[in-house]
Amino acid sequence: MRGRFITLEGIDGAGKSTHHAWLADYLRALGKEVVCTREPGGTALGEKLRALLLSEPMHRETEVLLMFAARREHIDQVIEPALQRGAWVVSDRFTDASFAYQCGGRGVPTSKLDALEAWVLDGLAPDLTFLFDIAPEVARQRLAGTGVAPDRFEQEKAEFFGRVRAAYLQRVSAFPWRFAVIDAAAPIDSIKNLLEKTIAKFGI
Ligand code: TYD
C-alpha cells in the first residue's frame with residue numbers, strides 16, 4: 001500500500017522544525033516507517049542547490065527554477081520511492097512554499113509556477129499539509145532570539161513575510177481539503193495535541 005505524504009509549511013520563525021521532529025516520532029510510535037526530509041534539499045544535489053539558494057543573490061526566476069530543479073531530484077530519489085514502498089514522508093516545506101515565497105513574496109506570476117508544478121510534480125500532491133500560521137512580527141522576534149545568522153530569505157523585511165503569509169492563506173482557500181492551519185503562537189503542548197487530533201481526523 002502506498003504511503004502518505006505530509007508537508008509542513010509556514011513563514012520563517014513559525015517553529016515548524018520543532019514540530020517536524022515530534023510528528024515523525026509520533027508516527028513512528030504508531031508503527032509507520034517515516035522518512036523525514038526537507039526542501040530545498042533532501043538529496044545530495046538538492047542540498048548543494050539549497051546552499052546556493054540561501055546565500056547567493058539571483059534573479060527571482062532563477063530562484064524558482066532552482067527550487068523546482070531541487071524538487072525534481074527530491075521527488076525522484078526520495079519522495080516517490082518512499083511512498084511506493086509504503087513509507088510515510090514528512091517534508092519540511094514543499095511546493096506550497098514556492099507559491100508563497102516566490103509568487104507571494106517575490107511577485108513571480110502564479111501561472112509560471114502552475115506550469116512548473118504540472119511539469120515537475122506530474123500530479124503528486126501532499127495528502128495533508130500543516131500550515132504553521134503566525135504574525136510576521138512574532139516570527140521575527142523568535143528568529144532574533146535564536147542568535148543564528150539570518151539567511152537570504154530571513155533577511156527580508158516584515159512586508160515580504162506579510163505577503164508570504166497571505167499567499168499561504170490563499171493556498172488554504174484553494175485546497176481546503178488537505179490543509180490544517182495551526183496557530184503557531186499557541187503553547188507547544190496544545191499544538192502537539194492538535195497535530196495528533198488532525199492525524200486521527202484524516203484517518204491516517
Ligand atoms: P527553512 O525551511 O526555513 O529552513 P531553516 O529552518 O533551516 O531556516 O529555509 C528554507 C528557506 O527556503 C525558507 O526561507 C523558505 C525558502 N523556500 C522558498 O523560498 N521556496 C521554496 O519552494 C522552498 C521549498 C523554500
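All values below come from the heavy atoms of this structure, side chains included, with hydrogens, waters and symmetry mates left out. Every number for a ligand or one of its atoms is a count from 1 in the order of the listing.
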Next on the checklist: Tell me if a side-chain donor or acceptor on Arg50 pairs with a main-chain N or O of Pro40 at a distance below 3.5 Å.
Outcome noted: yes
Next on the checklist: Is a donor from one side chain sitting under 3.5 angstrom from an acceptor on the other, for Arg178 and Thr129?
Outcome noted: yes
Item to check | Arg71: numbered ligand 1 atoms lying under 4.0 Å from its heavy atoms | outcome: 22 (O), 24 (C)
Checklist entry - Between the side chain of Glu47 and the main-chain N/O of Gly42, is any donor-acceptor distance below 3.5 Å? => result yes
Item to check | Verdict with supporting geometry, Ser91 and Thr7, side-chain hydrogen bond (donor to acceptor under 3.5 Å, both in side chains) | outcome: CA-CA 5 Å; Ser91 186; Thr7 58; over 6 Å; no
Next on the checklist: Out of all atoms in ligand 1, which are within 4.0 Å of some heavy atom of Ala97? Include the element for each.
Outcome noted: 20 (N), 21 (C), 22 (O), 23 (C), 24 (C)
Item to check | Test item: side-chain donor near acceptor, Arg71 and Ser98, under 3.5 Å | outcome: yes
Item to check | Proximal ligand 1 atoms for Glu39, defined as those under 4.0 Å from one of its heavy atoms | outcome: 24 (C)
Next on the checklist: Could you check whether Asp12 and Tyr101, counting side-chain N and O atoms only, form a donor-acceptor pair closer than 3.5 Å?
Outcome noted: yes
Checklist entry - When you check the side-chain N and O atoms of Glu137 and Gln141, is any donor under 3.5 Å from an acceptor? => result no
Next on the checklist: Side chain, backbone, both or neither: which applies to Pro40 and ligand 1 if a contact is any heavy-atom pair less than 4.0 Å apart?
Outcome noted: both
Checklist entry - Under 3.5 Å, N or O to N or O, is Arg50 touching ligand 1 that way? => result yes
Checklist entry - Any idea which protein heavy atom is nearest atom 22 (O) of ligand 1, and the distance to it? => result Ser98 OG, 2.5 Å
Item to check | Nearest-0.5 Å distance, CG of residue Asp151 to CG of residue Leu143 | outcome: 9.0 Å
Checklist outcome for this item: For Lys16, the ligand 1 atoms with a heavy-atom partner under 4.0 Å come out as 2 (O), 3 (O)
Checklist entry - Got the closest protein heavy atom to atom 19 (O) of ligand 1, with its distance? => result Gln102 NE2, 2.8 Å
Next on the checklist: Taking 4.0 angstrom as the limit and counting only heavy atoms of Glu154, give me the atoms of ligand 1 inside it, by number and element.
Outcome noted: 8 (O)
Item to check | Proximal ligand 1 atoms for Asp12, defined as those under 4.0 Å from one of its heavy atoms | outcome: 3 (O), 13 (C), 14 (O)
Checklist entry - Does the separation of the ring centres of Phe99 and Tyr168 fall below 6.0 angstrom? => result no
Next on the checklist: Among all the protein's non-hydrogen atoms, which is closest to atom 6 (O) of ligand 1, and how far away is it?
Outcome noted: Ser17 OG, 3.9 Å
Item to check | atom 17 (N) of ligand 1 [closest protein heavy-atom partner, distance rounded to 0.1 Å] | outcome: Met67 CE, 3.5 Å
Item to check | Distance-only N or O hit between ligand 1 and Glu63, under 3.5 Å | outcome: no
Item to check | atom 10 (C) of ligand 1: nearest protein contact (heavy atom, Å) | outcome: Arg93 NE, 3.9 Å
